[in-house]
Amino acid sequence: MADILIRNIKGLVQVRAAGIDRVAGKAMSELPVLENAYLHLNNGVIQAYGRMEELPVIHASEEIDATGRYVFPSFVDSHTHLVFAASREEEFVMKIKGASYAEIAAKGGGILNSARKLQQTSDDELYERALLRANEIMATGTGAVEIKSGYGLTTRDELRMLRIARRIGNETPLTVKTTFLGAHAIPAGIIQSDYIKLIIDEMIPAVAAEKLADYIDVFCEQGFFTMDETERIVETGKQFGMKPRIHANQLHRSGGVQVGVKTGALSVDHLENIGVEEIEALKNSTVMPTALPGAAFFLGLPFPPARQLIEAALPLAIASDYNPGSAPSGNMPLMVSLACIKMKMTPEEAINAATLNTAAALELQHTHGSITPGKVANVYITTPMSGIAYMPYAFGSRVIDRVILKGKII
Ligand code: NIG
Ligand code: FE
């Protein structure tokens, strides 16, 4: 396996001792950067780093000069719907003309539209389309990603989605965690209670029998799944070894945050509609609050109150929500920009949120999310830049030059 030495790094970002698993509150504003550094990657893991003056003799098979450039740990994107059949730009145009997300969903658009398309798409085609997106997010700095089902909505199609998500993890350099999201919407032609019964009695056991999902998720939202339904579904998932993460408080004060806290979810994601009560609930928990700024931006929703969450000494994570309906981009540098511009997070806070804290949300804190000896050799080298604030500042611009995943140059 390639043995890579990166020399003359202007700044090696997010250097952390082992054991620092997440940052919360004030600590989110501290982002350790080692200037004029070297980084040695060996056997697919981070071997060592230090200042150039202290560089020992290393005979690496590959040497990279990073003069003027920063090296970051790869992003961990803890919330995506990367496996889908087709884009939905027709709904995008409807939204421009004034239709709301809920109105489009009520007319059989939205998630049901994606489900119809997925049900008619073969495994190979679905895989090829997901692979294009996987390659796209690797190029923009993502090294580990969570992928949800939820556009199948039948047992057969939910299983197909999860198998494809697993295949992305097996056949690309991405580290993939999978989440069963059968409770994403109620399919046409079946009543709510029957669909929930199907999820509980048939889908969850089938997913578990094939070990297809690490986690279970529910879209806890008016017109989708109630607090009680969410709780029943995720509690069943837990019995089958899938820890919960919740789509919470996207469109309304749905109670999703409270269910997440009650059921011991790893994360509650979205949070566009939260107030003091949700923040209080989160304070007494280990749940990772997660903002999806791309979805808030695309749907024109209020952004999650990042400053209030951080002032409450809570941690905050940032993920893309890459999906065809509410966030057609998995570009994590853009998510970091949106977090800074629209949520008033500092670049240091936003980068912590998209690396260390998302790694913790995916239980990858021992292997991903920071430059720490022994962690997976997942890094990217930036274009030449004056300082780390340039990345969120230069929104939408190409800021990543080279990507190394699992110790291999991509
Ligand atoms: O996270 N809110 C629910 N699910 C997705 C959107 C799904 C869709 O519109 O296809 C989300 O925003
Ligand atoms: Fe989502």
Side-chain angles (χ1 to χ4, degrees), residues 77-95 99-119 121 129-130 133 137 145-153 157-158 161 165 177-187 215-225 230 233 244-252 254 256-257 260 265-273 288-304 317-330 335 338 358 361-362:
D77 189 350
S78 61
H79 183 141
T80 83
H81 308 248
L82 191 75
V83 177
F84 57 87
S87 56
R88 303 209 313 252
E89 59 274 21
E90 63 288 352
E91 293 176 9
F92 169 66
V93 176
M94 286 164 76
K95 273 181 238 142
S100 72
Y101 183 81
E103 282 162 3
I104 291 168
K107 282 186 191 149
I111 296 164
L112 297 188
N113 184 359
S114 280
R116 263 192 314 275
K117 288 175 176 166
L118 186 135
Q119 288 160 4
T121 306
R129 292 172 199 179
R133 296 177 203 120
I137 66 170
V145 63
E146 182 257 18
I147 305 177
K148 300 177 195 291
S149 69
Y151 292 127
L153 307 183
D157 294 297
E158 287 292 308
M161 282 190 79
K177 292 275 192 149
T178 58
T179 301
F180 169 61
L181 177 59
H184 198 192
I186 311 292
Y215 306 116
I216 184 157
D217 192 347
V218 176
F219 188 17
C220 185
E221 183 55 63
Q222 283 180 31
F224 292 84
F225 296 87
T230 302
I233 293 166
R245 35 192 353 114
I246 312 282
H247 273 76
N249 299 61
Q250 181 181 22
L251 308 173
H252 300 93
S254 58
V257 168
L266 283 165
S267 69
V268 287
D269 302 24
H270 272 295
L271 312 181
E272 286 88 340
N273 287 285
M288 179 63 72
T290 302
L292 309 170
F297 170 68
F298 189 80
L299 297 183
L301 297 174
F303 282 77
I318 299 287
S320 76
D321 199 17
Y322 196 179
N323 78 76
S326 67
S329 169
M335 302 309 143
L338 289 172
T358 39
L362 290 186

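Start at 1 and go down the list; that is how both ligands and their atoms are numbered.
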Do any nitrogen or oxygen atoms of ligand 1 lie under 3.5 Å from a protein nitrogen or oxygen, and which ones?
| unit_1 | atom_1 | unit_2 | atom_2 | d |
| --- | --- | --- | --- | --- |
| ligand 1 | 1 (O) | H81 | NE2 | 3.4 |
| ligand 1 | 1 (O) | H247 | NE2 | 3.0 |
| ligand 1 | 1 (O) | H270 | NE2 | 2.9 |
| ligand 1 | 1 (O) | D321 | OD1 | 2.9 |
| ligand 1 | 1 (O) | D321 | OD2 | 2.9 |
| ligand 1 | 2 (N) | Q250 | OE1 | 2.6 |
| ligand 1 | 4 (N) | H184 | NE2 | 2.7 |
| ligand 1 | 9 (O) | R88 | NH2 | 2.9 |
| ligand 1 | 9 (O) | Y101 | OH | 2.7 |
| ligand 1 | 10 (O) | R88 | NH1 | 2.8 |
| ligand 1 | 10 (O) | R88 | NH2 | 3.3 |
| ligand 1 | 10 (O) | Y151 | OH | 2.6 |
| ligand 1 | 12 (O) | Q250 | NE2 | 3.3 |
| ligand 1 | 12 (O) | H270 | NE2 | 3.4 |
| ligand 1 | 12 (O) | D321 | OD2 | 2.9 |
| ligand 1 | 12 (O) | S326 | OG | 2.5 |

Ring pair (Phe, Tyr, Trp, His ring centres under 6.0 Å), that's the test. Do F297 and F303 meet it? Break it down for me. CA-CA 8 Å; F297 170 68; F303 282 77; 7.2 Å; no

S78 and E146: side-chain donor and acceptor closer than 3.5 Å?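 Judged by distance alone, the side chains do not pair up.
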
Taking atom types as modelled, is there a side-chain donor on D217 or T179 under 3.5 Å from an acceptor on the other? no

Is a side-chain N or O of E221 found less than 3.5 angstrom from the main chain of L251, in a donor-acceptor match?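 Between the backbone of L251 and the side chain of E221 there is a qualifying donor-acceptor contact (under 3.5 Å).
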
Taking K148 for its side chain and T80 for its backbone only, find out whether a donor-acceptor pair lies under 3.5 Å. no

For A183, side chain to side chain contact (heavy atoms under 4.5 Å, CB included) partners two or more places apart: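 A183: side chain to side chain contact (heavy atoms under 4.5 Å, CB included) contacts with I199, V218, F225, I233.
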
Please name all residues satisfying side chain to side chain contact (heavy atoms under 4.5 Å, CB included) with S114, sequence neighbours left out, ordered by chain then number. R88, Y151, P324

Under 2.8 Å from the Fe ion (ligand 2), which protein N, O or S atoms do you find? Ignore water molecules.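 Sorted hits: H79 NE2, H81 NE2, H247 NE2, D321 OD1.
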
pair D269-H247: side-chain heavy atoms closer than 4.5 Å: no

Side-chain contact, heavy-atom cut-off 4.5 Å: H184 with F224? no

